[in-house]
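Notes for the one structure printed next.
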Number of protein chains: 2
Amino acid sequence: MPFADAEMLLFANTETDRIHKDFPIRISREKVCMTYPHSHMTTGCKNCSDRSLRIMCDLSGQARVDFEALGMQMKLPKRAIIFQEDDVCDAATIVCMGQVKLSCTSREGKTHILKIAVPGDVLGMGAAISGAHFEVTAETIEPCVVKKIRRSELLAFLEKYGQASMLAAKALSEEYKSAFFDARRLALSGSTAGRLAGVLLDWGRAAAGCNGTDMRFTMALTHEELANLAGTSRETVTRALGKFQKEGLIEIHGSSFRVVSPTGLETLCS
Amino acid sequence: MPFADAEMLLFANTETDRIHKDFPIRISREKVCMTYPHSHMTTGCKNCSDRSLRIMCDLSGQARVDFEALGMQMKLPKRAIIFQEDDVCDAATIVCMGQVKLSCTSREGKTHILKIAVPGDVLGMGAAISGAHFEVTAETIEPCVVKKIRRSELLAFLEKYGQASMLAAKALSEEYKSAFFDARRLALSGSTAGRLAGVLLDWGRAAAGCNGTDMRFTMALTHEELANLAGTSRETVTRALGKFQKEGLIEIHGSSFRVVSPTGLETLCS
DNA sequence: TCATTGCAGTGACCAAGATCACAGGCCGAC
DNA sequence: GTCGGCCTGTGATCTTGGTCACTGCAATGA
């Protein structure tokens, strides 16, 4: 798993200091699991050791070998921009480690966070396939490892292996689903507190899926960002989180969150 | 273009009367263009005579012939349910004629309309490929012609022609985009009037793309449905439309809408 | 012809939540 | 250390838009 150090230079000129400070060069399996609660990095989790392969898990033989050779793996510091809204798409990106914030911004500067991508997620697949511009901005919220696959290489690969096209289509349909559930939550949940509850519940469930049944995770977002995610204001998030704690639905210690009563949150989602 | 009359029986037992009343058996080109303002049915439009082929336009040779032979074309009356939320997906559906409402419903009975599908749109492609349940309900809002392709046949076809898989992926990415823009509109437009303006603008543009530059279209939705589409209440829609008219942004005569000032609506979207 | 039903239009009221303003806390930089 | 910047917490106010309640209108069907 060689890192593309050349690519690091892209960031080095402005962010060299950060890189070395924020990014632990050697990360043990344990460390990863603590730092990245959403991560599926452990070998036991879904039986797969390299998350960048998740979408292509079902590939067989030469196709898989070829896919593994594809693209360029790179380490990114916190707050690195992977791609920006309206950029021409020249590559798809697979998240191998860390969390990535996907957001879009209105002309007035209002920003909406669509989702937090976790290891195994593919970013910009739709834009890569249809040759369009990105609709969202992708920014790391912690030190990350990603794998960039140039659009031309990706297309050539899909062209060569029809089998892989189907898997790409599946990855796309995941991308679609998350946008859909996002819209659904925004539209159908009656209250802002309900939307926030839904977000916490999703994360709790994701964490439980990885670390057993304990719905504990590290919140990597500020209240402001949570607000952008739930379509509300920072103050409302602060108040809602306070209320959830008072009612015993969640526990918060610093950036460590734990969902105590999933059913309680569930009823709020309405 | 033979119709699958056998399939009609599915509806005939409950809806026979409606079918014959609502559905004009022979539709002239002109009639189509008046009845279905969003339709791309005219031969001049994007240079394609059969909209059910739109996603597979780029197919060549035998693949295209095979695709054309695929599936079953059927006429549907107004208000026919094509598939429902949580149904197991057994087929993808291509809209050939007419408009189809895609909606989802919360446990409390609140419904949200995602989009109005128009001829050429493919419904349930994501669910068909990933073998999942439908996330939305599809219901015709006017007499329609659709083409249903059984999941097994579709998969076999995609398996056979790798080229087609890519096109399917493109169709999927379209599906994704519409969900995304939906979420974006809900999240980023400051006011409810803004969201409504955005919807009208989209439709005006779609109509203009087909019938020249005149942004005139027939509104097939009630105020209530528009409200569900824009995430607001019926009363607010009524008031907003009234305001738009008063300000000279749109003209409404019965169900005929015309966007007078696209730029005016645009500024509202914010 | 009249009754029924569903949609459109409008006023009054009310509450959820956005916004503003400010205070305290934490953390990194110097 | 301490300074400054960002994040969190909280009260006061104000606006938007949801809800209720009612009327009028048009289509449908008996």
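Small disclaimer: the values here were computed from a predicted structure and weren't measured. Residue numbers begin at 1 in each chain, while the letters A, B, ... track the order of the sequences.
Rounded to 10 degrees, the angle between the two end axes of the helix from C:dT1-D:dA30 to C:dC30-D:dG1 is 40°, with five pairs used at each end.
Between A:Lys78 atom NZ and D:dC6 atom C1' there is a gap of 12 Å when expressed in whole angstrom units. Atom CG in A:Leu196 sits about 16 Å away from atom C1' in C:dA18, given to the nearest Å. Going from atom CD1 of A:Ile252 over to atom P of C:dG25 covers 18 Å, rounded to whole Å. In this structure, CG of A:Leu226 is placed 17 Å from C1' of C:dA18, rounded to the nearest angstrom. One interatomic measurement links the two molecules: NZ of B:Lys243 to P of D:dT16, which rounds to 10 Å at whole-angstrom precision.
A:Glu135 is linked by a salt bridge (Lys or Arg N to Asp or Glu O under 4.0 Å) to nothing, counting only residues two or more places apart in sequence or in another chain. For A:Arg185, the side chain to side chain donor-acceptor pair (under 3.5 Å) test picks out A:Asp202, with sequence neighbours left out. Not a single salt bridge (Lys or Arg N to Asp or Glu O under 4.0 Å) links A:Glu224 to another residue, sequence neighbours left out. Partners of B:Phe83 under the ring pair (Phe, Tyr, Trp, His ring centres under 6.0 Å) rule, at least two apart in sequence or in another chain, are B:Phe134. Taking B:Ser255 as the reference, B:Thr218 meet the side-chain contact (heavy atoms from CB on, under 4.5 Å) condition, with sequence neighbours excluded. Residues satisfying the side chain to side chain donor-acceptor pair (under 3.5 Å) test with A:Glu85, not counting sequence neighbours, are B:Arg184.
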Would you be so kind as to tabulate the donor-acceptor pairs closer than 3.5 Å made by side chains of residues 239-248 of chain B, with sequence neighbours excluded?
none

Give the B/S/- string for nucleotides 6-17 of chain C, one per nucleotide from 5' to 3', where a protein heavy atom under 4.0 Å of the base yields B, of only the sugar-phosphate yields S, and otherwise -.
-> --BBBBB----S
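Salt-bridge formation is not detected for the pair A:Glu139/A:Arg79: no Lys NZ or Arg NE/NH1/NH2 atom is positioned less than 4.0 Å from an Asp or Glu carboxylate oxygen.
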